[in-house]
Amino acid sequence: MNEFAQGAAWMAGDILPIAEARISVLDWGLTHSDITYDVVPVWNGAFFRLPDYLERFRQSVDTLKLTIPQTDAEITEILHRIVAASGLREAYVAMVASRGVPLIPGSRDPRDCGNHFYAWVIPYVHVIKPEVADRGCHLWISKGSRRIPEDSVNPRAKNYHWGDFTTGLLEAKERGFDTTALLDHHGNVTEGPGFNVFALKGDTVVTSDHGVLHGLTRRTVIELCQARDLTVETRPLPLSELLEADEVFLSTSSGGAVPVARVDDRVFSNDAPGPVAKTLRADYFALLERGEMSQPVRY
Ligand code: PLP
């Protein structure tokens with residue numbers, strides 16, 4: 001049995017079984033959520049859009065003023081090595097940069113921390129299970145939790161500040177919903193734990209331009225919409241507009257385009273995935289299968 005079959009991590013030059021990967025309890029990534037990350041999918045033995053994920057990761061690292069020694073070429077090499085070690089053909093591959101541990105014990109100056117990079121891989125994760133995507137996701141709009149304002153925590157630097165999402169998720173689960181999406185403080189729909197949100201009305205698709213991570217799957221789905229002659233608008237998406245949409249769907253690297261059948265007590269498409277969302281979901285996985293935006297893992 002491959003000791004990395006459940007996953008592998010690269011830490012400080014070593015490849016470890018995922019269960020043995022550790023960071024210090026003093027690491028600011030843990031104690032202050034002072035950390036950024038990215039996640040690239042591996043599908044059919046190939047990284048999807050890897051240069052785009054690396055570019056976004058580098059931007060996030062720069063936004064947080066972190067310094068890591070690894071170049072993009074070195075990160076690419078590390079990602080290939082861990083996926084190859086795991087042998088996984090469909091995988092969730094995370095790259096992480098953390099503020100690290102203060103090198104002067106007890107220092108409160110972020111500049112005193114030893115920033116570090118690590119990476120890990122586990123079997124492919126669906127943030128919305130495929131059977132839920134097939135029946136249409138039930139989405140709860142959190143009532144008690146608003147998305148952290150973007151001028152407090154920049155959502156475009158992918159981060160672990162998930163307190164707002166966790167509150168929303170607990171609300172959703174207690175009411176029997178699959179997941180949650182959060183509003184901003186003006187009542188516009190932002191995003192959910194691991195996905196962007198789209199509303200379709202007629203031939204026009206709307207997704208938020210602000211207060212959200214600019215998801216790479218959001219980008220892919222926008223391109224797929226345009227290829228199907230839909231008009232795409234990136235602008236604030238009021239909740240009322242979401243509730244009046246013909247279809248609602250989500251986008252995530254962990255599961256592609258996901259149709260939504262219910263938002264709160266509003267039911268869409270006879271309580272089933274809408275035709276456009278279903279088409280986009282199929283288009284996304286067909287693109288992954290074709291491999292034209294992918295690079296094979298060097299197993
Ligand atoms: N929004 C948040 C908060 C996320 O965590 C994610 C992915 O994890 C997304 C959106 C979707 O981004 P992507 O399509 O790049 O996976």
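Counting from 1, the numbers follow the sequence of the chain as shown. When a ligand or atom number is given, it counts from 1 through the structure's own listing order.
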Element-labelled atoms of ligand 1 that are located less than 4.0 Å from some non-hydrogen atom of Phe165
3 (C)
Report the distance from atom OG1 of Thr166 to atom NZ of Lys173, rounding to the nearest 0.5 Å.
12.0 Å
Salt bridge Glu223-Arg218, side-chain N to carboxylate O under 4.0 Å
no
Residues Asp283, Arg228: salt bridge by 4.0 Å N-O rule:
yes
Indicate yes or no: does Asp38 engage Lys158 in a salt bridge with an N to O separation below 4.0 Å.
no
Determine, using heavy atoms of Tyr160 and all atoms of ligand 1, whether some pair is separated by less than 4.0 Å.
no
Should we count CG of Asp203 as having more than 12 external heavy atoms under 6.0 Å?
no
Using a strict 4.0 Å cut-off to heavy atoms of Leu213, name the atoms of ligand 1 that fall inside it.
1 (N), 4 (C), 6 (C), 9 (C), 10 (C), 12 (O)
Leu216 heavy atoms within 4.0 Å reach ligand 1 at atoms 13 (P), 14 (O), 15 (O)
Nearest-contact summary for atom 2 (C) of ligand 1 - protein heavy atom, Å
Glu191 OE1, 3.5 Å
Distance from Thr220 atom OG1 to Leu280 atom CG, nearest 0.5 Å?
11.5 Å
Does the residue Pro193 have a heavy-atom contact with ligand 1, meaning some pair of atoms that are separated by less than 4.0 Å?
no
Which of these, His161, Lys158, Arg56, has its nearest heavy atom closest to atom 8 (O) of ligand 1?
Lys158
Considering both backbone and side-chain atoms of Trp162, is one of its nitrogen or oxygen atoms within less than 3.5 Å of a nitrogen or oxygen in ligand 1?
no
Of all heavy-atom pairs linking Lys278 and Pro259, the shortest is N-CG, 4.4 Å
Atom 4 (C) of ligand 1 [closest protein heavy-atom partner, distance rounded to 0.1 Å]
Gly194 CA, 3.5 Å
For Val39, is the nearest heavy atom under 4.0 Å from an atom of ligand 1?
no
Just need the protein heavy atom nearest to atom 14 (O) of ligand 1, so name the residue and atom and give the distance.
Thr217 OG1, 2.7 Å
A student comparing Ser253, Ser254, Gly215 should find that the heavy atom closest to atom 12 (O) of ligand 1 comes from Gly215
Pairs where residues 19-36 contributes a residue and the test salt bridge (charged side-chain N to carboxylate O under 4.0 Å, His left out) is met, not counting sequence neighbours:
Asp34-Arg99
For Asn196, the atoms of ligand 1 under 4.0 Å from one of its heavy atoms are 10 (C), 11 (C)
Could you list the donor-acceptor pairs under 3.5 angstrom formed between side-chain atoms of residues 205-215 and any protein atom two or more places apart in sequence or on another chain?
| residue | atom | partner | partner atom | Å |
| --- | --- | --- | --- | --- |
| Thr207 | OG1 | Val197 | O | 2.7 |
| Ser208 | OG | His210 | N | 3.2 |
| Ser208 | OG | His210 | O | 2.8 |
| His210 | NE2 | Asp184 | OD2 | 2.9 |
| His214 | NE2 | Asp209 | O | 3.4 |

